[in-house]
Student: 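Right, I'll just put the structure down here and ask away after.
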Amino acid sequence: MSKLVIVGTVAFDAIETPFGKTDKILGGAATYIGLAASQFKVDGAIVSIVGGDFPKEDLKMLEENGMDITGLEVVEDGKTFFWSGKYHNDMNTRDTLITDLNVLADFNPQVPQKYRDAEVVMLGNLHPLVQLGVIEQMDAPKLIVLDTMNFWMDSALNELMQVIAKVDVVTINDEEARQLSGEYSLVKAAQKIREMGPNYVVIKKGEHGALLFDDDDVFFAPAMPLREVFDPTGAGDTFAGGFTGYLARTGDYSYDNMKNAVINGSALASFCVEKFGPERLLNLTNSEVHQRIQQFKSLTQFDIKLT
Ligand code: AMP
């Protein structure tokens with residue numbers, strides 16, 4: 001099993017969906033990534049920052065889920081990153097209402113010495129220069145995966161291009177892939193993003209699944225058709241945590257194994273959306289995950305006789 005370094009926000013979120021509204025609850029990309037990766041019992045570390053207002057029991061919860069938090073800085077007189085978003089009726093689109101960077105504005109990530117030799121690095125959605133700072137502290141990772149969003153394309157595109165050039169896999173949603181590449185076709189968009197540096201591109205399409213692009217091949221994983229979707233927040237990060245957690249667990253970074261990683265990521269993301277915030281990821285059992293992966297299999301398996 002390989003070590004996994006996760007960098008990203010640990011945050012407070014306030015979310016509104018057609019099914020309800022929350023006050024400040026636990027959120028952040030690294031929270032979702034870490035909880036998803038912990039399903040694979042990996043040796044993972046979260047590199048992040050919170051303020052003194054962040055509940056100590058949530059830090060403990062991350063530790064209890066197997067995450068090393070020595071690289072999670074607590075600024076006692078600072079405030080935790082806060083994000084607020086509102087989903088539209090179709091739940092595939094949302095408006096960001098508030099992004100308060102707070103302690104994140106001066107974040108200088110420190111990867112703990114013990115994790116600098118990690119094979120897998122998951123760069124969650126953050127300022128690209130912070131992502132770059134983490135890459136520079138690593139010895140010789142075998143796989144670097146980057147997630148990003150339109151916020152950074154709008155505010156730090158040059159820096160984002162610098163970090164994209166240094167990673168192996170980019171995970172991005174369809175709208176953002178189009179924005180980054182200037183191409184409407186996702187095939188062309190993936191090709192353009194691959195030309196920016198990474199060998200593989202994962203395009204997440206929300207309730208329409210995810211595509212994994214290699215040189216001249218593409219693999220598709222559907223999203224599980226669910227009876228109820230309460231809150232899509234963190235689904236992309238949960239996918240990334242499942243994807244990298246599985247790869248760190250198996251130590252096999254081939255394209256074929258990435259297909260399995262995409263299925264694991266999709267299965268975990270399908271749980272994430274069933275409740276508000278990361279709640280559904282807590283207490284998720286191995287057998288529930290395995291059952292869902294079986295459902296994924298039968299969703300797309302067919303035996304066609306060509307005439
Ligand atoms: P997702 O739904 O996968 O895009 O992830 C949602 C999570 O990303 C929330 O828990 C937020 O706290 C976090 N988030 C939202 N905006 C940003 C941002 N600009 N930078 C970093 N993290 C963010």
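Both ligands and their constituent atoms are indexed starting at 1 by order of listing. Nothing fancy with the numbering, it's 1 onward along the sequence.
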Student: How far apart are the C-alpha atoms of T171 and D147, what are their side-chain angles, what is the distance that settles it, and do they pass the side chain to side chain donor-acceptor pair (under 3.5 Å) test?
Tutor: CA-CA 5 Å; T171 70; D147 190 22; 3.3 Å; yes

Student: Does the ring of F271 carry R280 above it, NZ/CZ under 6.0 angstrom from centre and within 45° of its axis?
Tutor: no

Student: Do K275 and F230 form a cation-pi contact, if we require the NZ or CZ to be under 6.0 Å from the six-membered ring centre and within 45 degrees of the ring's axis?
Tutor: no

Student: Check this for me: does any side-chain nitrogen of one of K79 and D100 sit under 4.0 Å from a carboxylate oxygen of the other?
Tutor: no

Student: Tabulation required: pairs of a nitrogen or oxygen in ligand 1 and a protein nitrogen or oxygen under 3.5 Å; columns are atom names and distance to 0.1 Å; otherwise 'none'.
Tutor:
from, atom 1, to, atom 2, distance (Å)
ligand 1, 2 (O), R94, NH1, 2.9
ligand 1, 2 (O), G234, N, 2.7
ligand 1, 3 (O), G236, N, 3.4
ligand 1, 3 (O), D237, N, 3.4
ligand 1, 3 (O), D237, OD2, 2.9
ligand 1, 4 (O), R94, NH2, 2.8
ligand 1, 5 (O), D237, OD2, 2.7
ligand 1, 10 (O), D13, OD1, 3.4
ligand 1, 10 (O), D13, OD2, 2.4
ligand 1, 10 (O), G28, N, 2.7
ligand 1, 12 (O), D13, OD1, 2.7
ligand 1, 12 (O), G28, N, 3.4
ligand 1, 22 (N), T9, OG1, 3.2

Student: If hydrophobic clusters are built by linking Ile, Leu, Val, Met, Phe, Trp and Tyr wherever their side-chain heavy atoms come under 4.5 Å apart, do M196 and Y184 end up in the same one?
Tutor: no

Student: Just do the salt bridge (charged side-chain N to carboxylate O under 4.0 Å, His left out) check on D252 and K142 with the steps written out, would you?
Tutor: CA-CA 10 Å; D252 173 355; K142 291 204 172 142; over 6 Å; no

